[in-house]
Amino acid sequence: MEFKTPSPAEKQSGLAPGTVVYTGDKTLSDLYIEVFDYDKDTCEEKELDRIEEAFTYSDTEPVTWINMNGLNHIKAIETIGEQYKLHPLILEDIANTQQRPKIDEYENYLFVVLKMLYFDKEENLSIEHISFVLGRNYVISFQEADGDVFDGVRNRIRTGKGRLRTSGADYLLYALMDAVVDNYFNLIEAMGDKIEELEDDLFEEKPNDDITYDIQSLKKEILKIRRAVFPLREVVNRIEKSDHPLIVEKTQFYLRDLYDHIVQVSENIEIYRDMIWGLMDMYMTTISNKMNEVMKVLTIMASIFIPLTFLAGIYGMNFENMPELKSRYGYYVLWVVMIMVFFGLLYYFKRKKWL
Amino acid sequence: MEFKTPSPAEKQSGLAPGTVVYTGDKTLSDLYIEVFDYDKDTCEEKELDRIEEAFTYSDTEPVTWINMNGLNHIKAIETIGEQYKLHPLILEDIANTQQRPKIDEYENYLFVVLKMLYFDKEENLSIEHISFVLGRNYVISFQEADGDVFDGVRNRIRTGKGRLRTSGADYLLYALMDAVVDNYFNLIEAMGDKIEELEDDLFEEKPNDDITYDIQSLKKEILKIRRAVFPLREVVNRIEKSDHPLIVEKTQFYLRDLYDHIVQVSENIEIYRDMIWGLMDMYMTTISNKMNEVMKVLTIMASIFIPLTFLAGIYGMNFENMPELKSRYGYYVLWVVMIMVFFGLLYYFKRKKWL
Amino acid sequence: MEFKTPSPAEKQSGLAPGTVVYTGDKTLSDLYIEVFDYDKDTCEEKELDRIEEAFTYSDTEPVTWINMNGLNHIKAIETIGEQYKLHPLILEDIANTQQRPKIDEYENYLFVVLKMLYFDKEENLSIEHISFVLGRNYVISFQEADGDVFDGVRNRIRTGKGRLRTSGADYLLYALMDAVVDNYFNLIEAMGDKIEELEDDLFEEKPNDDITYDIQSLKKEILKIRRAVFPLREVVNRIEKSDHPLIVEKTQFYLRDLYDHIVQVSENIEIYRDMIWGLMDMYMTTISNKMNEVMKVLTIMASIFIPLTFLAGIYGMNFENMPELKSRYGYYVLWVVMIMVFFGLLYYFKRKKWL
Amino acid sequence: MEFKTPSPAEKQSGLAPGTVVYTGDKTLSDLYIEVFDYDKDTCEEKELDRIEEAFTYSDTEPVTWINMNGLNHIKAIETIGEQYKLHPLILEDIANTQQRPKIDEYENYLFVVLKMLYFDKEENLSIEHISFVLGRNYVISFQEADGDVFDGVRNRIRTGKGRLRTSGADYLLYALMDAVVDNYFNLIEAMGDKIEELEDDLFEEKPNDDITYDIQSLKKEILKIRRAVFPLREVVNRIEKSDHPLIVEKTQFYLRDLYDHIVQVSENIEIYRDMIWGLMDMYMTTISNKMNEVMKVLTIMASIFIPLTFLAGIYGMNFENMPELKSRYGYYVLWVVMIMVFFGLLYYFKRKKWL
Amino acid sequence: MEFKTPSPAEKQSGLAPGTVVYTGDKTLSDLYIEVFDYDKDTCEEKELDRIEEAFTYSDTEPVTWINMNGLNHIKAIETIGEQYKLHPLILEDIANTQQRPKIDEYENYLFVVLKMLYFDKEENLSIEHISFVLGRNYVISFQEADGDVFDGVRNRIRTGKGRLRTSGADYLLYALMDAVVDNYFNLIEAMGDKIEELEDDLFEEKPNDDITYDIQSLKKEILKIRRAVFPLREVVNRIEKSDHPLIVEKTQFYLRDLYDHIVQVSENIEIYRDMIWGLMDMYMTTISNKMNEVMKVLTIMASIFIPLTFLAGIYGMNFENMPELKSRYGYYVLWVVMIMVFFGLLYYFKRKKWL
């Protein structure tokens with residue numbers, strides 16, 4: 001149950017603003033840098049492990065995508081910051097995984113923060129911090145770990161399919177953000193599956209004590225997803241609406257489309273949120289229904305046998321003067337009475353629809 | 001319990017933006033195209049199965065309505081896109097059933113997406129994706145399957161009733177959207193009937209375990225309907241407010257009326273939503289009331305017979321020195337005592353209003 | 001339980017916009033028309049049954065109020081429409097009882113829709129559809145049935161009290177709307193009484209199974225009232241703010257006052273809504289409290305007599321070697337023990353505050 | 001349980017707008033008028049019982065405060081109205097206790113309505129209607145009864161402490177409103193005490209049936225307070241923002257401060273509202289916990305003694321051939337078995353933590 | 001349970017606006033003043049106990065930070081007010097701990113109020129009132145007690161790390177506010193830990209009666225935190241957006257970053273709020289589940305032994321003519337029957353999954 005975020009607050013509090021500190025927990029021992037340098041006709045792809053080698057590419061005219069993996073390599077981030085003259089607060093935000101999605105517009109570059117969401121192998125929600133710097137003819141992306149959702153973009157760069165190779169760096173930024181958002185749909189689907197599973201468990205009346213806990217976990221996950229996705233609407237809206245010279249008009253159509261997708265994801269999140277909150281109510285009625293059933297069994301058993309036992313008790317008394325005991329058929333008559341009481345009560349409960 | 005939308009996310013994720021992929025599940029083996037070409041005096045109606053044949057009509061001066069059924073025929077959509085110079089993102093949205101209702105204004109055409117809602121034969125909510133392209137003298141509509149709610153419009157075109165034949169393509173678009181929204185009222189009524197049915201079930205105290213499930217299903221349906229209808233307010237409002245040259249002033253009165261209707265539907269949806277959420281509470285009190293009744297029966301039976309059985313137990317003891325046992329009327333006296341206890345307790349429960 | 005609105009959707013769906021169809025259920029066999037024609041000095045009052053006779057009055061200079069009752073007389077509405085050149089959509093809205101409160105501003109007239117609310121004899125909420133057309137020197141009102149809340153206005157016209165006779169048609173419109181809104185206060189009070197009654201029932205612990213149903217009914221009523229009243233705020237606000245030449249400045253003060261009243265009604269509705277939703281919780285605790293009481297009786301009875309019965313059972317055994325049975329005072333000693341157990345348990349429950 | 005407001009609606013409905021009717025229930029047999037006439041140097045204080053005597057003061061240059069008590073003296077209100085040329089709707093609002101807090105700006109005066117709140121001796125919430133008219137050099141205040149919260153203001157006028165004597169009529173209006181708002185803090189505190197008391201009752205497990213009722217009463221009170229306080233934010237904000245010549249710039253600082261205080265009160269109200277709604281949940285869990293305890297006692301008693309009674313029953317049977325009965329130590333062996341069963345079950349419940 | 005704020009309202013109500021009254025409860029017997037006077041090259045640090053000694057520093061060109069501890073020293077606050085010509089309402093707000101976070105812009109200075117939050121040693125939430133006055137080259141801070149979160153800032157001033165020594169007084173104000181907000185993250189983490197602890201308690205099924213109380217306490221704490229933090233968003237936003245000459249453009253970047261942090265804290269608060277509200281539901285299901293378990297034990301025990309006891313009762317009767325009693329193996333046959341009933345019922349409950 002690790003909802004809190006223990007280290008980050010401690011790691012950062014008391015430091016001067018602009019100090020670059022990695023607040024996440026996905027430390028990557030080796031820095032891993034990927035560079036794509038392409039235009040309509042050519043496409044170069046490199047893997048580097050020193051950041052300085054990447055700088056030559058972004059000076060050239062073709063579009064350059066520098067993808068840096070491993071936010072714990074503070075030094076590299078600072079080197080990039082110097083090279084591209086990034087504001088110290090931006091460097092802090094690149095490494096600060098607690099930073100919520102946002103966009104900062106500077107004169108020569110745009111800075112975008114967002115979150116990559118996926119369920120890891122243990123079905124736990126994992127949130128990865130990604131930032132982008134968009135310059136005149138380059139995009140630099142910063143990731144925590146080296147697995148990502150950008151393979152589609154990589155393929156389109158390599159093969160030249162779609163508009164990617166013929167468009168500028170702003171379209172590349174759009175394509176990368178689009179890949180992240182597209183992946184939200186997968187996440188949302190997985191969330192839907194989890195909810196349905198719980199609903200089925202509740203419906204098939206096999207609720208275990210863990211269900212309360214599972215529902216509470218789902219609540220946390222949907223709240224975390226919400227926090228990661230909702231600010232993105234504002235971010236994309238602002239990029240689209242901004243008249244920053246780095247965003248050309250043609251790309252704005254695509255950004256509007258991206259905005260639409262985020263709204264769709266958000267609507268689904270709200271619906272799932274309502275569903276999850278409803279699960280607790282469903283669970284309560286399920287418990288109450290089961291209790292009802294338990295009580296009925298008890299009531300039927302007790303109500304039938306307690307009067308019968310009383311009757312048997314009567315004739316177990318030792319009064320000297322009890323004529324029935326001496327009667328020849330007393331015992332048999334009593335049996336008849338008892339069987340009548342038994343079926344009478346059975347009929348009564350039947351009519352009450354308890355059986 | 002099929003709330004999730006499994007395929008769409010997989011079908012699309014990783015593809016270049018603007019790629020046309022049908023994400024729905026209503027595949028229509030044959031493409032089916034309907035063309036109406038009319039003005040004040042003439043009206044031509046054709047059924048085609050190749051999209052190219054339709055293009056000749058829309059060049060002529062009269063208003064042309066091209067109604068294409070079968071979004072799985074990607075090729076046809078792309079052909080239309082080329083012919084009318086539609087933006088690739090529009091083609092993607094035509095086929096993407098996950099697209100929420102929206103309006104996109106382009107210089108030469110308007111693009112509108114909305115949802116047709118109905119309960120199918122199994123009483124399940126079915127959502128069909130419809131898009132419209134409004135050009136200078138044509139409307140192209142794209143539907144998933146070939147059943148629709150446009151028969152009223154067709155008749156008005158054929159018979160020339162109403163303003164349809166004497167108005168432009170913008171009024172045709174309005175008429176088609178109006179038909180879709182009119183049908184929402186039917187849907188909302190059916191929803192109201194379902195809610196009442198459940199209420200009656202709860203009231204007549206015949207709640208089964210499925211009720212929890214039924215309520216949860218209703219919740220999902222109303223949430224889906226909400227998602228399909230609410231964005232439409234914004235869409236119609238924007239068409240009405242826009243000063244796009246394709247929308248003439250006379251039509252704006254009608255669009256305002258349409259907007260009113262959507263607001264009415266939305267208000268009803270909100271009310272039904274409140275009602276449905278209230279059902280769960282009603283169910284809980286129903287369960288609790290039944291439990292109360294069960295417990296009362298148990299308590300009355302047990303409270304009456306347990307003391308009596310105790311009394312019988314006393315005189316079933318085998319002490320040698322128990323004077324009552326030898327007394328001549330002991331047995332009869334005990335019966336009197338027991339009957340008094342019996343009626344005393346009965347009176348007690350009567351006064352407590354448990355009987 | 002008639003929450004749905006079955007006929008309207010069916011009556012209208014598929015028709016051309018602007019078609020006049022009465023969607024309500026209060027058919028009035030005879031058309032009934034009332035005309036007031038007044039200025040500072042004179043006041044004429046007529047009852048007509050043909051609409052054409054009314055037209056002469058509105059041409060004259062004094063203010064004319066034409067009050068038409070019976071929306072099922074479609075023909076008459078259409079005649080009025082022709083005479084005053086009303087837009088077809090307005091005629092549709094006059095007869096369409098599903099139309100929510102609204103205001104439409106046209107060049108030569110204002111069109112206002114609102115709802116008259118009252119509890120009928122069976123204490124059911126009844127909603128009546130009223131529309132007003134305000135022209136240069138006339139007001140035409142359209143009602144479903146012929147009972148209304150305008151007697152105060154009629155008297156003020158006849159007697160010349162207040163500003164009515166000395167003001168224009170816009171003040172008459174205000175006075176009529178004010179009469180409708182004033183009546184909302186009566187409705188709200190009746191609603192408050194109903195809520196209190198239910199609260200008292202719950203408090204006096206005489207909850208029957210119908211209470212769940214009563215609360216659900218109240219919920220529906222308050223939601224309906226809300227839907228009828230809330231849009232009116234916007235309507236009156238827009239009349240007041242509009243600079244339509246038909247509304248003179250002096251009347252705007254009164255409209256602002258009217259707006260204030262509607263806000264007051266709305267606030268009361270919101271409070272009652274919260275109260276009604278709270279009733280369900282109150283009911284749940286009432287049920288639970290009663291269950292607690294039932295369980296306590298059972299537990300006390302069972303806990304006291306089960307151990308005693310066990311003791312009696314012991315000495316009812318037939319072992320040959322049971323020394324107590326032969327002891328002279330065994331029986332009496334056992335009684336002492338039993339009485340001690342009895343009072344011991346009684347004391348225990350007393351201390352637990354169950355008695 | 002007097003939540004409704006029976007008389008007001010009846011008193012007013014059907015009357016012409018602008019008719020002055022007192023709708024409250026605090027009738028004061030004698031009209032009581034207080035006049036303060038002061039400037040930097042002088043301060044005159046009078047008590048009058050005829051309103052006309054007050055008019056001479058407000059014509060003089062010094063600031064005049066006319067404080068009228070007893071809204072049932074309609075005639076006096078109308079006389080003031082004539083003297084100061086107040087709009088008839090204002091007179092109506094002065095006497096109409098149903099009027100919510102508001103501000104009306106006229107050319108020559110400002111009209112402000114607010115509510116004085118306090119708990120009376122029976123701890124019931126009492127709401128008193130106060131209105132202010134601010135003119136060039138006078139403030140007229142209208143109160144229902146003659147107890148109020150203005151003693152601080154009176155003292156400051158008499159002693160000349162603070163800025164009051166050196167400032168204009170607008171500062172006096174501010175000072176009076178500030179006194180009313182300051183008193184809200186006392187009210188809010190008393191509310192907090194009531195909530196805590198209920199919480200303690202719930203915690204000390206002495207819940208009686210009245211608690212449901214007490215919580216419902218608190219809900220009503222907080223809703224009423226909310227309705228009286230929340231509109232005031234808007235009122236004060238509008239006075240501060242308005243550029244009415246009667247409000248000098250220096251006073252605006254103070255009005256902003258007043259606005260801050262109202263926001264503080266509002267925030268507290270919202271918090272208490274959340275707390276009160278939470279009480280019902282607390283109560284439900286308290287009831288459920290007690291039920292659990294009751295059930296445990298029953299279950300332990302029944303589960304322990306029912307098997308033992310069964311054992312005793314076995315050896316109370318009269319079969320001729322039951323070897324145990326003849327065994328010499330049978331009885332003692334059975335006791336040992338019973339004691340073992342007894343402690344075994346005790347241990348079982350102990351391990352389940354029910355004991 | 002000290003949620004109310006008893007003294008403040010009483011302390012202040014009835015006083016003239018602008019009267020300086022300390023409304024908190026953290027009285028510091030000795031006034032304690034700290035002064036930092038620094039520029040790029042020099043840094044002087046002093047501790048004073050008379051406020052007048054501090055005034056010399058703020059006249060000099062370097063930036064001066066005067067940190068005053070002990071709001072109960074009203075006299076000192078008033079002396080500062082005279083020296084720096086602060087508005088009386090500001091002095092009131094400095095000492096009034098009930099004042100919510102706010103910003104007031106005056107011509108020559110900015111006035112900011114915020115709240116320092118921490119959990120004290122007894123894990124109770126403590127709220128400390130802090131205000132700042134920003135002048136041309138000085139910042140004056142006012143604290144209740146002398147422990148604070150500014151050690152990081154002090155160190156940066158002393159060591160000259162970061163931009164602090166090279167920037168103006170506006171950056172110092174930012175740095176101090178940033179320190180306060182940074183500390184909120186620690187608080188939020190501690191809150192998260194508390195929630196998790198409660199969740200674990202609930203999950204490990206060791207709920208005690210105090211849990212209701214603990215949850216209610218958490219609710220209050222989160223509501224208090226909310227009230228202290230939420231207005232800060234508006235405050236920082238307004239400082240950033242204002243074009244007050246005291247805020248230079250470079251500092252605005254940092255203020256935007258601060259704003260981001262506050263939004264992050266706010267989002268976390270909302271999430272924790274949802275979580276805490278969910279705890280009550282979790283608790284209810286936990287209680288219900290336990291009740292279910294208790295009921296099952298009772299039902300199983302009673303349902304098994306009550307029929308067996310009945311059987312034993314039958315053969316304990318004393319009828320003379322009961323053939324079974326005389327049968328040689330009657331007793332053994334009965335045992336077999338009883339064991340079969342026993343296992344039959346056991347199997348029944350097993351199949352119902354109650355065991």
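Please read these numbers as outputs of a predicted model, since none were measured by experiment. The analysis underlying the following values was restricted to heavy atoms, covering all of them including side chains, and did not include hydrogens, waters or symmetry mates.
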Participant: Is Asp257(C) close to chain D through its backbone or its side chain, or both, or neither, when contacts mean heavy atoms under 4.5 Å?
Facilitator: side chain
Participant: Is it the backbone or the side chain of Phe150(C) that comes under 4.5 Å from a heavy atom of chain D, or both, or neither?
Facilitator: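 Interface part for Phe150(C): neither.
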Participant: Give the ring-plane orientation class for Phe310(C) versus Phe305(D), where under 30° counts as parallel, over 60° as perpendicular and anything between as tilted.
Facilitator: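 Aromatic pair Phe310(C)/Phe305(D) classed tilted.
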Participant: Quick one: pull up CG in Asp260(C) and CG in Asp93(D) and give me the separation to the nearest 0.5 Å.
Facilitator: 7.0 Å
Participant: Check whether Lys219(D) gets within reach of chain C through its side chain, its backbone, both or neither, counting any heavy atom under 4.5 Å.
Facilitator: both
Participant: Determine the minimum heavy-atom distance between Gln216(D) and Met282(C), stating which atoms define it.
Facilitator: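 In terms of heavy atoms, the two residues are closest at CD-SD, 3.3 Å.
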Participant: Using a strict cut-off of less than 4.0 Å between a Lys/Arg side-chain nitrogen and an Asp/Glu carboxylate oxygen, indicate whether Asp274(C) and Lys220(D) qualify as a salt bridge.
Facilitator: no
Participant: Checking Ile304(C) against chain D: side chain, backbone, both or neither under 4.5 Å from a heavy atom?
Facilitator: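 Neither part.
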Participant: Just so I know, are the side chains of Asn268(C) and Arg227(D) near enough to count as touching, which here means a heavy-atom distance under 4.5 Å?
Facilitator: yes
Participant: With rounding to the nearest 0.5 Å, note down the distance linking OG1 in Thr23(D) to CZ in Phe185(C).
Facilitator: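 Thr23(D) atom OG1 to Phe185(C) atom CZ measures 10.0 Å (nearest 0.5 Å).
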Participant: When heavy-atom pairs shorter than 4.5 Å are enumerated against chain D, which of Ile195(C), Ile188(C), Ile300(C), Val263(C) gives the highest number?
Facilitator: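 The answer is Val263(C).
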Participant: What residue pairs, at least two apart or across chains, pass salt bridge (charged side-chain N to carboxylate O under 4.0 Å, His left out) with a residue in residues 302-316 of chain D?
Facilitator: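 Not a single pair qualifies under salt bridge (charged side-chain N to carboxylate O under 4.0 Å, His left out).
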Participant: Please tell me whether Thr309(D) and Thr309(C) have a donor and an acceptor in their side chains that are separated by less than 3.5 angstrom.
Facilitator: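 There is no such pair (donor and acceptor under 3.5 Å, judged by atom type) between the side chains of Thr309(D) and Thr309(C).
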Participant: Measure the spacing between CD of Glu199(C) and OG1 of Thr212(D) and express it to the nearest 0.5 Å.
Facilitator: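 One finds 11.0 Å between CD of Glu199(C) and OG1 of Thr212(D).
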Participant: Taking Asn318(C) for its side chain and Met317(D) for its backbone only, find out whether a donor-acceptor pair lies under 3.5 Å.
Facilitator: yes
Participant: By a 4.5 Å heavy-atom criterion (distance strictly below it), what part of Met291(C) contacts chain D: side chain, backbone, both, or neither?
Facilitator: both
Participant: Mind checking the CZ-NZ spacing from Arg256(C) to Lys102(D)? Nearest 0.5 Å is all I need.
Facilitator: 8.0 Å
Participant: CD1/Ile306(C) to CD1/Ile306(D) distance, rounded to the nearest 0.5 angstrom?
Facilitator: 4.5 Å
Participant: Are any of the side-chain nitrogens in Glu293(D) or Lys352(C) under 4.0 Å away from the carboxylate oxygens of its partner?
Facilitator: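 A salt bridge links Glu293(D) with Lys352(C).
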Participant: Which region of Asp178(C), side chain (C-beta onward) or backbone (N, CA, C, O), has a non-hydrogen atom less than 4.5 Å from a non-hydrogen atom of chain D, or is it both or neither?
Facilitator: side chain
Participant: Which pair of heavy atoms, one from Tyr331(D) and one from Ile314(C), lies closest together, and at what distance?
Facilitator: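 So the two residues come closest at OH-CG2, 4.0 Å.
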Participant: Are Glu320(C) and Ser327(D) side-chain neighbours, meaning at least one heavy-atom pair lies under 4.5 Å?
Facilitator: no
Participant: Between Gln264(C) and Gln98(D), is there a donor-acceptor pair closer than 3.5 Å when you use the side chain of the first and the backbone of the second?
Facilitator: yes
Participant: Enumerate by number any residue of residues 160-173 of chain C whose heavy atoms lie under 4.5 Å from heavy atoms of chain D; in the absence of such residues, state 'none'.
Facilitator: Tyr171(C)
Participant: Under 4.5 Å heavy-atom distance to chain C, tell me which part of Tyr106(D) shows up: side chain, backbone, both or neither.
Facilitator: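 Contact with chain C is through the side chain of Tyr106(D) alone.
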Participant: Does a sphere of radius 6.0 Å around CD in Glu197(C) hold more than 12 heavy atoms from other residues, nucleotides or ligands, not counting ones at 6.0 Å or beyond?
Facilitator: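 No - once you tally the heavy atoms of other residues, nucleotides and ligands closer than 6.0 Å, there are 12 at most.
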Participant: Name the region of Phe230(D), side chain, backbone, both or neither, that has any atom closer than 4.5 Å to a heavy atom of chain C.
Facilitator: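 No part of it gets close to chain C.
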Participant: Roughly how far, to the nearest 0.5 Å, is NZ of Lys290(D) from CG of Asn289(C)?
Facilitator: 8.0 Å
Participant: Output the option from Pro231(D), Pro88(D), Gly316(D), Gly330(D) having the highest count of non-hydrogen pairs under 4.5 Å with chain C.
Facilitator: Gly316(D)
Participant: With a 4.5 angstrom heavy-atom cut-off, is it the side chain or the backbone of Tyr184(C) that approaches chain D, or both, or neither?
Facilitator: neither
Participant: Go through it in stages, so that I can follow the logic: the residues are Asp200(C) and Tyr213(D), the test is side chain to side chain donor-acceptor pair (under 3.5 Å), and I'd like the CA-CA distance, side-chain angles, deciding distance and then a yes or no.
Facilitator: CA-CA 9 Å; Asp200(C) 289 348; Tyr213(D) 182 67; over 6 Å; no
Participant: Give me the atom names and distance for the closest heavy-atom approach of Pro307(C) to Met301(D).
Facilitator: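 Result for this residue pair: CG-CE, 3.8 Å.
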Participant: Find the one option among Asp281(D), Leu308(D), Ile215(D), Leu311(D) whose heavy-atom pairs under 4.5 Å with chain C are most numerous.
Facilitator: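 The answer is Leu308(D).
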Participant: Name the region of Phe349(C), side chain, backbone, both or neither, that has any atom closer than 4.5 Å to a heavy atom of chain D.
Facilitator: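 Side chain only.
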